[in-house]
Amino acid sequence: MRLEVAESIEPNADGTEWTIVLHEADFHDGRPLTSADAAYTLRTYTDPEVAPVISGGFSMVDAANISTPDARTVVVPLTIPRGDFLDAELAISSFVLPEGSIGGPEAIGTGPFKLDAYEASSSIRMVRNADYWDTPPLLDELEIVVVNDPTARLNALKGGEVEFARGITPAAARAEDGNDDIVLHRGGAANSQAMGFAANITIPPFDNPDAVRALKLAIDRQSLVDTVLLGFGQLGNDLVGKGLPGYADAIPQTERDVQQARALFERAGVTELTMLTGETTAGTVAAAELLVQQLAEAGVTLTLDELPADQYYSDFARLFSTPLQSCWWVNRPADVHLTSFTGSSAGFNLTGIGGAEYDAMLASAQVSVDRDERRAVIQQLQQYSFDHDGMVIWGYREDLNASVPGLTGVSFTQSSPRFHRASLEA
């Protein structure tokens, strides 16, 4: 893991206290970054009214007792031991805000680019931060233009309006194969979306293990990868984290067995299912439509309840009470995904996996400050999940981006492009 503005982040012996030492750096307005800023940021992250999306992940931070022994050191006490605090929380949400900041279009940071102009839902223009604490970027200016339609994004690239198009579809990537005016950037499994179907094992019929097993055996994962991802993806095996450290790649690949699936569905009394779906990312509806055909071969009629993409996540109560739905995840290391999105206390647990045995293993992984020890427990958790959970990860859709040939040095972290080392030839 590569730290950024933090020089070091270390736990105490039992993971109840974490010490952060900052690099010497300045905010974009020239103010020095201090431990008071980092402490303010962490307190902000714990406030559900200010940070409703991420506050749950920082609920174990004892915000009132965060201390700053010197200008570059922050000591963060936790209410419970969390050996994975760095991997599961700080690595996901760790932008440092200047003390007193509430964000917005006038926000500043310490990064390689400074905000120059912002127009909501339209564009963000940034300029080079010559005083960046690390090596300053090579580009003088970076403008992000909001184009929601992936086809329009690609056309903007082909028309010379932009030099980089974020998130193109597999169909578009295939269509442009051989076009020398476009460079395709493939993320591989490490930078991908884990594409799946989530069966809630606390709700009939999937509270019956036979129904869960039947669903997994009925699915032709290779057909989904070939048909929906068009070769720009990899086969999934019902676990998040492929291509990243700690993934349980020793677990045998689930193979389709239609006859066994049919027998298990019959034993569970399942002849009809309804699945909630929506095009929340490219390919989810196409995968759902192919699943209709695959389940029919196993004797089950699947009806799709399709929602508009902008409404899909508008009602979390509906998602958590739905027996079967389409889903996708940013591919993250298994320990980060499992400790963030599974277990009885997880805030976004689509399958309902939990219970005393699973939660105990999860707690053990979260408490351990020894990374190797934690990963050993994560291997057990992945095996348990593979055996008992209703999560189907049928494939990994590679992160697909395109650029002009002269753009080099773009890197990717958890599928997000980074331009601080990028350069553009004329």
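The model shown is predicted, which means the values in this text are computed figures rather than measured ones.
Judged as a ring pair (Phe, Tyr, Trp, His ring centres under 6.0 Å), and not counting sequence neighbours, Tyr40 has no contacts. Legend: residues meeting salt bridge (Lys or Arg N to Asp or Glu O under 4.0 Å) with Asp335, ordered by chain and number and at least two apart, are absent. Residues meeting the side chain to side chain contact (heavy atoms under 4.5 Å, CB included) test with Ala199, sequence neighbours left out: Phe206, Leu215, Leu324. Applying the salt bridge (Lys or Arg N to Asp or Glu O under 4.0 Å) criterion to Arg153, with sequence neighbours excluded, gives no partner residue. Remark: Trp328 engages no residue in a ring pair (Phe, Tyr, Trp, His ring centres under 6.0 Å) (not counting sequence neighbours). Residues forming a salt bridge (Lys or Arg N to Asp or Glu O under 4.0 Å) with Arg186 (at least two apart in sequence, or on another chain): Glu398. In this structure Pro112 satisfies the side chain to side chain contact (heavy atoms under 4.5 Å, CB included) test together with Tyr132, Pro137, His420, sequence neighbours excluded. Checked against side chain to side chain donor-acceptor pair (under 3.5 Å), Arg221 has the following partners two or more places apart in sequence or in another chain: Asp238. Partners of Asp220 by salt bridge (Lys or Arg N to Asp or Glu O under 4.0 Å), not counting sequence neighbours: none found. For Phe419, the ring pair (Phe, Tyr, Trp, His ring centres under 6.0 Å) partners at least two apart in sequence or on another chain are Phe164.
Under a 4.0 Å N-O distance rule, the pair Arg421/Asp134 qualifies as a salt bridge.
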Could you tabulate the donor-acceptor pairs under 3.5 Å formed by side-chain atoms of residues 52-61, not counting sequence neighbours?
from	atom 1	to	atom 2	distance (Å)
Ser55	OG	Ala51	O	3.1
Ser59	OG	Gly56	O	3.0

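Screening residues 187-212 for salt bridge (Lys or Arg N to Asp or Glu O under 4.0 Å) gives Asp210-Arg267 as the qualifying pairs, with residues at least two apart or on separate chains.
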